[in-house]
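I have placed the structure first, in the form of structure tokens, so that the comments after it can refer back to it.
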Amino acid sequence: MKNAINILPYFIAAAALASCATGGRSSAGGEVTGVGGTSWAEPTPYGMVLVDRGSMKVGVAKDDSLWNLEANARGISVDGFWMDETEITNGKYKQFVLWVRDSIIRERLADPAYGGNEDFKIEEDREGNPITPHLDWSRPIPWRNPNEDELRAIESVYRTNPITGVRELDGEQLNYRYETYNQTEAVKRRNRLNPRRREYNTDRPVPTDMPMISKDTAFINEDGEIIRQTISRQLTGDYDFLNTYIVNVYPDTTAWVNDFENAYNEPYVRMYFAHGGYTDYPVVGVSWEQATAFANWRTDYLKRSLGKDGIYIEPYRLPTEAEWEYAARAGIDENMYPWDGDLTMSDDKGCFYANFKPQEGNFVKDGHVITSRVGTYAPNDFGLYDMAGNVSEWTSTAYTESVGKLTNDLNPQYRYDAAIEDPYKMKRKIIRGGSWKDVAHNIRSDLRMWEYQNEQRSYIGFRCVRTQIGFAKGQKANKKNK
């Protein structure tokens, strides 16, 4: 009995350890009960709406001989995701532009080629950003009086317009470099490093040759030009699925002139992105490549603020075509628009539901000539604004005539990263929603349109999504969350 009493604490300690190993559950007499895990409750993304998982029939439901449309509706299901309740505004995109500007200045402050000091240090905030107050977005206000060399580095990102004499940002310098990991390709069985894990059929020989991969890389040459290359070679390791991109982030403000011949749109060129009166209007003149770069920067910006917890955050990205249509139609098969019915204005009050072109030559009948401030019109049932009209929106889905037949019915997505040498028609991406310049038919939520990924238009913008990681306590789907 004495020995039994002495060893009793060890049995208690062992039982406690077993309880911890099983997540606090009892072993239930030797039965397997499972191991608990830590549940990470992701923070509610600012300005986003939670769209719950669901299914619907996407695409045109009825033939329309007037518009030469054939019914092509099919059932799909998507998992839950967060979506920006409005299109990305000039103000939000401007934050990206200024971050790139400040990063360039920061590097040059320590670059001897600009008279900088390699030991120069800049005070940072908790997110790793230089503490530099900006009262005027177009020019940085130094955190202290800079010396001559430092001023040279700051002023190097500006130019003086030789015609107007205006001091302005040199948009051609604002290049953003980032890397993306193509996990979809990395985890495919054919790309496994271990040949024995590529082929499970024992009637076939084990493959001996390493598979071929393609990856994108980019660099800036001596002339300051962005050079993009697509490398094809045999697989050597995980880094072969890490792609590098360098993107000039400044929007093409000249799109207002180039999109419309024989029209006086010069004031928009000067003011739409630069003037504070357009801060809450959707950014335009942004290509698919620039929108994708913004989403990557937005992810990194959030992760820096969260520190080590940031590794659990799903990245911001452009929505897939299926996610966009499901969100726009509020998951209702009968909806052609983000609202009920086939009309674009209310019968009783004569109020328009969206910003579009109501009549030929009449852009102002809905109250606006070009874009409108985001959130001007009522949201759909998911709490999302401007899912029809205002600006068309980029999706992440590549376009091909048979895209509907190529994609799965579970989280459909067709991705094609066109190589630089690919034909131009292979560099098309799907856009959705129609814009301020489109007639009522073209702002339907069930219609697919496309544009080349490097094009910048005065009527195309974007919004971001982020895959949901379970429900945080108290969260409810399809409600506005800020």
Could you tell me if the ring centre of [X] sits under 6.0 Å from that of [Y]?
X      : Y      : answer
Trp297 : Tyr301 : yes
Tyr176 : Tyr250 : no
Phe352 : Tyr377 : no
Tyr459 : Trp436 : no

[Y] versus [X], side-chain donor and acceptor atoms under 3.5 Å:
X      : Y      : result
Thr292 : Arg317 : no
Asn390 : Glu87  : yes
Thr217 : Thr244 : no
Glu325 : Ser445 : no
Tyr178 : Asp300 : no
Thr160 : Arg167 : yes

Looking at [Y], is its backbone amide N or carbonyl O close enough to the side chain of [X] to form a donor-acceptor pair, meaning the two atoms are under 3.5 Å apart?
X      : Y      : value
Asp216 : Arg228 : no
Asn161 : Gly165 : no
Lys215 : Tyr239 : yes
Lys92  : Val283 : no
Asn72  : Val60  : yes
Ser77  : Leu410 : no
Trp256 : Phe260 : no
Ser287 : Gln290 : yes
Asp366 : His368 : yes
Tyr268 : Ser458 : no

Checklist entry - Which one of Arg190, Arg415, Arg192 satisfies the salt bridge (Lys or Arg N to Asp or Glu O under 4.0 Å) criterion with Glu185? => result Arg190

For the student: nearest non-hydrogen atoms of [X] and [Y], plus distance:
X      : Y      : value
Phe462 : Val286 : CE2-CG1, 4.0 Å
Asn335 : Arg329 : O-NE, 2.6 Å
Thr86  : Gly375 : CG2-N, 4.4 Å
Asp409 : Gly75  : CB-O, 3.5 Å

May I ask you to say whether [X] pairs ionically with [Y], meaning some side-chain N is under 4.0 Å from a carboxylate O?
X      : Y      : result
Asp259 : Lys437 : no
Arg463 : Glu393 : yes
Glu451 : Lys427 : no
Arg298 : Asp84  : yes
Arg53  : Asp79  : yes

Next on the checklist: Can you tell me if Gln234 has over 12 outside heavy atoms packed within less than 6.0 Å of its CD?
Outcome noted: yes

Item to check | Residue pair Asp170, Gln173: steps toward the side chain to side chain donor-acceptor pair (under 3.5 Å) verdict | outcome: CA-CA 6 Å; Asp170 184 1; Gln173 294 190 51; 3.0 Å; yes

Item to check | Ile332 and Met56, any side-chain heavy atoms less than 4.5 Å apart | outcome: no

Item to check | Name of the residue among Val403, Val58, Thr395 meeting side-chain contact (heavy atoms from CB on, under 4.5 Å) with Arg448 | outcome: Val403

Item to check | For Thr407, side chain to side chain donor-acceptor pair (under 3.5 Å) partners two or more places apart | outcome: Arg74

Checklist entry - Are Asn296 and Thr180 close enough, and set up right, to give a side-chain contact (heavy atoms from CB on, under 4.5 Å), and what steps lead you there? => result CA-CA 8 Å; Asn296 180 86; Thr180 61; 4.2 Å; yes

Next on the checklist: Is there a ring pair (Phe, Tyr, Trp, His ring centres under 6.0 Å) between Tyr452 and Tyr424? Walk through the geometry before answering.
Outcome noted: CA-CA 8 Å; Tyr452 294 104; Tyr424 197 39; 4.0 Å; yes

Next on the checklist: Under 6.0 Å from the ring centre and within 45 degrees of the ring axis: does the NZ or CZ of Arg466 meet both conditions for the six-membered ring of Tyr316?
Outcome noted: yes

Next on the checklist: I'd like to know whether Ile246 forms a side-chain contact (heavy atoms from CB on, under 4.5 Å) with Ile220, so could you lay out the CA-CA distance, the side-chain angles of the two residues, the decisive distance to 0.1 Å, and finally the verdict.
Outcome noted: CA-CA 8 Å; Ile246 299 176; Ile220 298 178; 3.9 Å; yes

Checklist entry - Which word best sums up how the rings of Trp450 and Tyr399 line up, parallel for under 30°, tilted for 30 to 60°, or perpendicular for over 60°? => result parallel

Item to check | Whether Tyr281 and Tyr272 hold their rings parallel, tilted or perpendicular, with breakpoints at 30° and 60° | outcome: perpendicular

Checklist entry - What do the steps show when you test Tyr337 against Tyr353 for ring pair (Phe, Tyr, Trp, His ring centres under 6.0 Å), and what is the final call? => result CA-CA 10 Å; Tyr337 294 99; Tyr353 295 140; 8.8 Å; no

Next on the checklist: What verdict does the salt bridge (Lys or Arg N to Asp or Glu O under 4.0 Å) test give for Lys357 and Asp438, after you've listed the backbone C-alpha separation in whole Å, the side-chain angles of each residue and the deciding distance to 0.1 Å?
Outcome noted: CA-CA 5 Å; Lys357 184 180 178 181; Asp438 290 311; over 6 Å; no

